[in-house]
2 protein chains.
Amino acid sequence: MNPDMSQNCLPAEMLARPAVLLGRLGTAMKMESMERFEAAGFSVYHYGVLALLDEGERQTQATIADALGVDRSMLVGLLDQLEERGMIERRRDPNDRRRQMVKLVPAGRRQLAEFRKIVEKIEDDFLAPLDEEERATLHDLLLRVAAHRDTRFVPAQTSVS
Amino acid sequence: MNPDMSQNCLPAEMLARPAVLLGRLGTAMKMESMERFEAAGFSVYHYGVLALLDEGERQTQATIADALGVDRSMLVGLLDQLEERGMIERRRDPNDRRRQMVKLVPAGRRQLAEFRKIVEKIEDDFLAPLDEEERATLHDLLLRVAAHRDTRFVPAQTSVS
DNA sequence: TATTGTTATACTCTATAACTATA
DNA sequence: TATAGTTATAGAGTATAACAATA
């Protein structure tokens, strides 16, 4: 109908590449997430920290930073903010006073529940055109790609020891 | 084996979310692309511009910027660089001297061929764990998600007029 | 001397706003 | 007055480097 519609489009050769779509969509996804967390008075990184600590106390800040893939110097500010709001606790390791042990406290656990709602909403909005099965397929494909290039994406074994 | 291995991992609840994987992988994809294009002396945006112009001359710079989703002020520099290297030509529209018509010239077409090799290499490295059929599935899913939220991802109709 | 956490610095990216010329 | 393109400015975000305390 409108002969100019193709003028608004990305080049067909780019649309044909899964890698291009992945890059564009992933970036959009990240921006969307950041905006929604900002709107809630937090950042996406706060979610990552709380989700990580929900799996257990950490003996050093460095392991948190490494697991989440953020710089250690950046993590300091994130933990400061979470601590100020009473969501985590830091305390020095008595055996090695350079280290800070970090753990989640009840208020943090409650906030994590709120964060999960935000994440579910984002995902649901974003993946709206896909049904449950298709989302599972997408997840499987992405997880394999992610695990292949970064061991941080390899799901942890349930240790028997 | 190593009891600390799960310490390096992202939280399981994040790994379980396709949206999280999409955001992380997409960002990694974009960064990887930028680095490889930088290494070749260009930027990913140069590829976008050439790929777009390969589909036909443009009557204004604004349609290029809008289609690629970059700011018009940013496009100026990209076109300057491509013009300096003799890959595109700009000329004023005689009917409206505010406008610049932009088209690809042979050297640009040759460079585009090089860019395509880079993109194919990136994609192949990135999607290494997926076979052809799985890549097609991934592409289909991503395209539907992309088209749903942004008409620039709706593949252009082959016009009959 | 090396490591943990912290603070300070510098730089890149990009969004916004001004500005010029044409209409 | 509005639009196309251009240039200049400013601010956010982040990577790097320096620093203090402890080992």
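A, B, ... follow the sequence lines: proteins, then strands. Residue 1 opens every chain. Nothing here was measured: the structure is a model prediction, and the numbers come from that model.
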Note to self: Please enumerate all residues that pass side chain to side chain contact (heavy atoms under 4.5 Å, CB included) together with A:E123, with sequence neighbours excluded.
What the structure shows: A:L127, B:R17, B:P18, B:A19
Next item on the list: Please find the earliest and latest nucleotides of DNA chain C, in the 5' to 3' direction, that have an atom within less than 4.0 Å of any heavy atom of chain A.
Entry: C:dA2 to C:dT7
Check: When you measure from every atom of DNA chain D, which of residues 47-61 of chain A have a heavy atom less than 4.0 Å away?
Finding: none
Margin query: Please enumerate all residues that pass side-chain hydrogen bond (donor to acceptor under 3.5 Å, both in side chains) together with B:E83, with sequence neighbours excluded.
Written below: B:R90
Next item on the list: Using a strict cut-off of less than 4.0 Å between a Lys/Arg side-chain nitrogen and an Asp/Glu carboxylate oxygen, indicate whether A:E114 and A:K117 qualify as a salt bridge.
Entry: yes
Note to self: For residues 18-28 of chain A, which residue pairs pass the salt bridge (Lys or Arg N to Asp or Glu O under 4.0 Å) check, not counting sequence neighbours?
What the structure shows: none
Notebook entry, point to check: Within this structure, what is the CG-to-C1' distance between B:D80 and D:dA4, rounded to whole angstrom?
Noted result: 15 Å
Item checked: Counterpart residues, side chain to side chain contact (heavy atoms under 4.5 Å, CB included), relative to A:A62 (two or more places apart) -> A:T60, A:R72
Checklist line | Residues which pass side-chain hydrogen bond (donor to acceptor under 3.5 Å, both in side chains) with B:R85, listed by chain and number, not counting sequence neighbours | finding: none
Margin query: I'd like to check the side chain to side chain contact (heavy atoms under 4.5 Å, CB included) partners of B:M74; sequence neighbours left out, ordered by chain and number.
Written below: B:Y45, B:V70, B:D71
Next item on the list: May I have all residue pairs that pass ring pair (Phe, Tyr, Trp, His ring centres under 6.0 Å) and include part of residues 54-75 of chain A, sequence neighbours excluded?
Entry: none
Check: Just by protein heavy atoms under 4.0 Å, how would nucleotides 10-23 of chain D read 5' to 3' in B, S and -?
Finding: ----S-B----BBS
Next item on the list: Could I get the full list of side chain to side chain contact (heavy atoms under 4.5 Å, CB included) partners for B:A113, not counting sequence neighbours?
Entry: none
Margin query: Quick test of your reading: applying ring pair (Phe, Tyr, Trp, His ring centres under 6.0 Å), list the pairs with at least one residue in residues 85-123 of chain B, sequence neighbours left out, ordered by first then second residue.
Written below: B:F37-B:F115, B:F42-B:F115
